[in-house]
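For reference, the structure discussed in these notes is given below.
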2 protein chains.
Amino acid sequence: MKAGPDISRIAALVGDPARCNMLTALMTGRALTASELAQEAGITPQTASSHLAKLEAGGLIEPEKQGRHRYYRLSDPDVADVLEGLQGIAARAGHMRVRTGPKDPALRRARICYDHLAGDLGVQMLDSMKRQKLVRQSKQAIELTGEGKRFMAEELQIDADALTHPRRPVCKACLDWSERRHHLAGTLGAAMMDRFTELKWAARDAAPGSRVVNFSRNGEKRFAALFGAGE
Amino acid sequence: MKAGPDISRIAALVGDPARCNMLTALMTGRALTASELAQEAGITPQTASSHLAKLEAGGLIEPEKQGRHRYYRLSDPDVADVLEGLQGIAARAGHMRVRTGPKDPALRRARICYDHLAGDLGVQMLDSMKRQKLVRQSKQAIELTGEGKRFMAEELQIDADALTHPRRPVCKACLDWSERRHHLAGTLGAAMMDRFTELKWAARDAAPGSRVVNFSRNGEKRFAALFGAGE
DNA sequence: TTCATAGTTCGATGATAGCCGAAGCATCGA
DNA sequence: TCGATGCTTCGGCTATCATCGAACTATGAA
């Protein structure tokens, strides 16, 4: 009757709260050990082991063995994108996980989405880039313009031509769950976030497992100069 | 502890095979009835009803009640996007066969929907009326314009002011069974169908239980002159 | 070697949730 | 009004699956 690779299989994997906690923990882009993931999900190591095996079989995560540890990471940035999309739907339906803590505003302002910038500032950045014609967006596809390449080289010392990747687009629109608008993903999005970190404009929050990105005072000023809301 | 929206609830909804079949069936963008979705998922109507209630509570689909039918559609294009993303992860082998609508071509073309015209011609008529600015549609509500009143009086000898009814609106958008788009219901829709019959432009099919409406050759010409697709 | 830690496998248990039959509303057609 | 149809609610059955205790394997350290 209906054959084919079920998307229900994949969705069911995400549908379990314990596994879901593991996956969201991995949305930081960092690889975590089985034990850490077990603690993150609030379950015993045995149960976690079973879940991790299923997630791996489903192609959502990939293990990397290191000594007696097994590090797990999301198998693909696309996985993070889909998870972020699900968060958008969940947020709209009003299904927030717990009471909105004090970290919530910071999370909405700037956070890591796997390896690129998300939140208010992330959306602002893509908006500004479109206004400045650094990128062209037609439907879902985003393309870096010639002017955009120059901008990246001059302002951020990023060689756009070096960003091509066999399996990953340079530019990609990623739906932001808190803003419900797109921010920039892809290798360019990742490279820009890397540069912000290198320049000490921004830094990942020290707390383990946190997705919050803190901008320094100087970093915020420089960021606004390039991607300010007004221009 | 954990901030952010709760994905697992949403993902669990998609995670059930039956619900997943329903959702993929709705990815065509068309609205389907509860029965059709039940058949699509290969389950009984009772079970489908339970699933649909859950999907609605989760904000994934939205109902539109139409007589004794309940049409469901995806509540937002974003939902379709996420489903598409999941398909990408699941390494899709696309299979989207949806059987909808009546088999009888005559029924698709023109039929009675309670007391007004439905089918291809019914949808065409409302489209043309909007183009000619005889009616204004904002969301679900439809309003007859001054020009529309003149048109009704001159062309069809219908006194729009006499159509007010204590419990029934003059104009109403009605979701079309075969076209999955709106046609005109309400007392005006009924009055227009009555007039078409009086003028012998159209007649109900003689067969008992048939909802087919047959247009005469002359009637078809006159109808096209007023509500033709081109103008 | 011996011990400690990380992770897995197995088996039993318990709760969740999908499923359908039967019955109940609501709407339509005549 | 009455019967037919679309849909929902209720109750009970069943299967699935997450969970954990216990035991087992593998790596690293002393």
Side-chain angles (χ1 to χ4, degrees), chain A residues 6 8-9 11-23 31-58 61 63-72, chain B residues 8-9 11-23 31-58 61-72 100 102 107 111-116 118 167-168 172 174-175 177 185 189-190 193 204-213:
Chain A
D6 301 282
S8 70
R9 278 275 178 85
L13 289 174
V14 187
D16 179 76
R19 285 191 293 258
C20 182
N21 284 336
M22 294 174 161
L23 290 172
L32 297 173
T33 67
S35 308
E36 288 170 330
L37 288 168
Q39 189 179 4
E40 198 67 38
I43 52 179
T44 60
Q46 312 95 286
T47 308
S49 180
S50 157
H51 284 314
L52 289 168
K54 284 169 186 166
L55 287 173
E56 186 184 344
I61 60 175
E64 184 176 337
K65 203 171 175 183
Q66 211 169 89
R68 42 182 179 178
H69 294 278
R70 258 173 98 90
Y71 283 90
Y72 285 96
Chain B
S8 68
R9 304 260 295 266
L13 289 175
V14 187
D16 178 75
R19 283 191 295 256
C20 183
N21 284 336
M22 293 174 162
L23 289 172
L32 297 174
T33 67
S35 308
E36 287 170 332
L37 288 168
Q39 190 180 5
E40 201 63 40
I43 53 179
T44 59
Q46 312 92 287
T47 309
S49 181
S50 157
H51 284 314
L52 289 169
K54 284 171 186 164
L55 287 173
E56 186 185 344
I61 60 175
E62 275 177 356
E64 183 176 339
K65 201 171 175 189
Q66 191 59 68
R68 44 185 176 181
H69 295 277
R70 256 174 101 88
Y71 283 89
Y72 286 96
T100 65
L107 208 55
R111 66 175 175 278
I112 282 290
C113 176
Y114 188 44
D115 58 5
H116 52 270
R167 313 193 62 181
R168 202 178 170 196
K172 192 184 167 196
C174 178
L175 192 61
W177 175 32
M193 183 62 215
R204 301 277 311 259
D205 197 84
S210 170
R211 299 175 58 194
V212 170
V213 171

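It should be emphasised that the depicted structure is a prediction, and the values quoted were computed from it without experimental measurement.
Protein atom NE2 of B/His69 is 17 Å distant from nucleotide atom P of D/dA4, rounded to whole Å. Following rounding to the nearest Å, B/Arg9 (CZ) and C/dT16 (C1') show an atom-to-atom distance of 14 Å. Computed from coordinates, the A/Leu55 CG to D/dA18 P distance equals 10 Å when rounded to whole Å. One can place CD1 of A/Ile43 at 17 Å from C1' of C/dA15, the figure rounded to the nearest angstrom. One interatomic measurement links the two molecules: CD of A/Gln46 to P of D/dC24, which rounds to 15 Å at whole-angstrom precision. Atom CD in A/Glu64 sits roughly 16 Å away from atom P in D/dT27 (whole-Å rounding). One interatomic measurement links the two molecules: CD of A/Glu36 to C1' of C/dT5, which rounds to 14 Å at whole-angstrom precision. As a whole-Å value, the separation of A/Gln39 CD from C/dA6 C1' is 14 Å.
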Ignoring hydrogens and angles, write down the donor-acceptor pairs under 3.5 Å from the side chains of residues 46-57 of chain A, residues two or more places apart or on other chains.
from, atom 1, to, atom 2, distance (Å)
A/Gln46, OE1, A/Thr44, OG1, 3.2
A/Thr47, OG1, A/Thr44, OG1, 3.0
A/His51, ND1, A/Arg19, NH1, 3.1

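For the OP1/OP2 pair of C/dA4 and a distance below 4.0 Å, the side-chain nitrogens and oxygens of A/Arg68 include no atom meeting the criterion. Distances shorter than 4.0 Å separate some side-chain N or O of A/His51 from OP1 or OP2 on D/dT19. Phosphate proximity of C/dT27 to B/Arg70: absent, as no side-chain N or O sits under 4.0 Å from OP1 or OP2. OP1 or OP2 of D/dT19 has not a single side-chain nitrogen or oxygen of A/Thr44 nearer than 4.0 Å. At D/dA18, none of the side-chain N or O atoms of A/Thr47 fall inside 4.0 Å of OP1 or OP2 (strictly under the cut-off).
Of the candidate nucleotides D/dT8, C/dT8, C/dG18, C/dG18 has the atom lying nearest to any side-chain atom of B/Asp16.
Across all strands, A/Thr33 comes closer than 4.0 Å only to sugar-phosphate atoms, never to a base (heavy-atom distances). Heavy atoms of A/Tyr71 sit nowhere under 4.0 angstrom from any nucleic acid atom. Nucleic acid contact for B/Ala18: sugar-phosphate only, since backbone atoms but no base atoms lie under 4.0 Å from a heavy atom of the residue.
Mapping A/Lys54 and A/Lys65 onto DNA chain D by nearest heavy atom places A/Lys54 closer to the 5' end of the strand.
Contact record, A/Ala18 with A/Ala41: O-CB, 3.5 Å, taken as the closest heavy-atom pair. Closest approach of A/Tyr72 and A/Ala34 over heavy atoms only: CE1-CB, 4.3 Å.
Between A/Leu32 atom CG and A/His69 atom NE2 the span is 12.5 Å, to the nearest 0.5 Å. A distance of 12.0 Å separates CG of A/Leu13 from CE of A/Met22, quoted to the nearest 0.5 Å.
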